[in-house]
Amino acid sequence: MAARGCPVLLNSFRDEPLDTLISRLDATSGSQLVKRISQQLFERAKKVIPGGATRPFRAWDPYPFYGKKAYGSKLEDVEGNVYTDFWMAHGAEVLGHLHPAVVKATKEQCELGFHLGVCNEWEVKLAEQVCKLVPSVKMITFNNSGTEAILHAVKLARAYTKRAKIAKFEWGFHGYIESLHTSCYGPAGGPDSAGHDPLSQKNTVVLPLHDASASHKAIKRRDLACVWLETFPSAYTIPEDKEFVRGLREVCSDTDTLLILDEVVTGFRTNAGGTQAEYGVTPDLTTFGKALAGGEFPVGAVGGRSEIMELMDVGKHPGSQSVYQGGTYAGNSLAMHAGYEATKVYEEGSMYPRMNGLGERLLKGLEGAIEETHANARVTGYKSTATIHFLRAGAKVTDARSLLLSVDKEMEKKYFKYLLSKGILAMTPSLPHFYVTFPHTNQEIDSVILATREFLKSNLG
Ligand code: PMP
């Protein structure tokens, strides 16, 4: 009868007569009820939110669980089930949920107002902090999401170079602005969404994955404003080759093309300076998001060379000669304050050896599980991020491209659900990968490895 006094349960079953509810509560261990609450929420959601979820991939079959609380490495659903969270707010959390530094900033800001709507000291402090941690960033400006940052970066690149075309790589995801939302989930194709302006991608060049000679050839035409790059593409977690990145940097410099590094996911994840520090590459512009505000608040930022960033300075470039930036919530004190405190933790840096070590334990463990079971799968990743790719029978994998073209989507979904049944939340049902954060533990990592080994044995071994 433990659940009888629980207002959450009773409330969510209020359409059921009390006597049948109570006998059902008595007769179950709770797992049935667990499903019912989330199921009911999802049914209600589908009536008022298209597809039932604000991000489609958060709604899996037959219905997703609804989160209620998050702390450290754990996520609790509305029924009180606790999961080890590797989804980690779409990779935004690096410090884990509710890190004390971020909580302290939030509490302080509670007393002062979250959004003052005027200039505030925290945007200055956060800007100084990012410029200190990421040397290629001489000036920076803030907005509310990675996508917004990308939108601003594209305009800066076009205004600076006076060229219209922009380039991205196949499979690269850079938010969902129309010009870049193409070929994000596969080889060169059309728009990845309905409703685009049919001309929106007229000036977008999609470069073949990992193909240095084709990319150099395209850049050497000298008509590209910028090339978008993720040194460690977060969507499929196959790190770029250092030589390849260096080559791109060189050709972009030789042709006055801006190299824009998208560090929305990778920024502050493996070290305070981002992947650009590890690759030894100096981009012209960098976009940030996610971990910049401690992973807890909406944020985006674009930063880079002063002479490019200054195109946003309306004092120097009046009216429509400047690159317009807007956003009611841009630079809001809550996100900026939390971001400042989070970046102080990143700067101190002692979290990284632990996090990266855990990530490496996971990568090795997953590889071991595949070897042991002879499963047709591959592991890719970098430090605190890992992905397991299940391959279709008979697939021949020779490189990243053939790997990504051989993925068994149904097996991914099955794996995601299997992990859920073991209390492990990977991100996402399609393309399950793992974001390791500071509060994760060896035991939690080992639980993923163990569950994966069991899954491989029974499904692919
Ligand atoms: N760039 C990359 C590499 C991303 O993975 C994402 C989203 N995950 C974005 C940009 C867009 O960021 P946001 O979701 O904050 O708009």
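Please read these numbers as outputs of a predicted model, since none were measured by experiment. All residue numbers refer to positions in the sequence shown, counting from 1. Atom set for the values below is all heavy atoms of this structure, side chains included, hydrogens, waters and symmetry mates excluded. One-based numbering, in listed order, for ligands and for the atoms of each.
- Using modelled atom types and a 3.5 Å distance limit, the side chains of Thr286 and Gln276 yield a donor-acceptor pair.
- Residue Asp262 has at least one nitrogen or oxygen atom sitting less than 3.5 Å from a nitrogen or oxygen atom of ligand 1, judged on distance alone.
- Close approach of ligand 1 to Glu230 (heavy-atom distance below 4.0 Å) involves ligand atoms 3 (C).
- Less than 4.0 angstrom separates some heavy atom of Ser145 from each of these atoms of ligand 1: 15 (O), 16 (O).
- Heavy atoms of Ser234 approach ligand 1 to within less than 4.0 angstrom.
- For Gly146, a nitrogen or oxygen atom sits less than 3.5 Å from a nitrogen or oxygen atom of ligand 1, counting backbone and side chain alike.
- From the protein, the heavy atom lying nearest to atom 5 (O) of ligand 1 is Val265 CG2, 3.2 Å.
- Each of Phe416, Tyr418, Tyr415 was compared with Phe390 under the ring pair (Phe, Tyr, Trp, His ring centres under 6.0 Å) criterion, and only Tyr415 meets it.
- Remark: atom 12 (O) of ligand 1 lies closer than 4.0 Å to at least one protein heavy atom.
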Verdict with reasoning, Val103 to Glu296, per side chain to side chain contact (heavy atoms under 4.5 Å, CB included): CA-CA 10 Å; Val103 171; Glu296 304 283 23; over 6 Å; no
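- Below 3.5 Å of separation, one finds an N or O of Thr147 facing an N or O of ligand 1.
- Counting the atoms of ligand 1 from 1 in the order shown, those under 4.0 Å from a heavy atom of Ile150 are 1 (N), 10 (C).
- The main-chain N or O of Gly339 is found under 3.5 Å from a side-chain atom of Thr343 such that the two form a donor-acceptor pair.
- Heavy atoms only, all atoms of each residue included: Ile177 and Leu151 are closest at CG2-CD1, 3.7 Å.
- Not a single heavy atom of His90 sits less than 4.0 Å from an atom of ligand 1.
- Between Phe57 and His90, a ring centre-to-centre spacing shorter than 6.0 Å is recorded.
- Residues in residues 323-335 take part in these side chain to side chain donor-acceptor pair (under 3.5 Å) pairs, two or more places apart or across chains: Thr141-Gln325.
- Ligand 1 has Lys290 within reach: a non-hydrogen atom of the residue lies less than 4.0 Å from it.
- Taking the ring centroids of Tyr435 and Phe86, they lie at or beyond the 6.0 Å cut-off.
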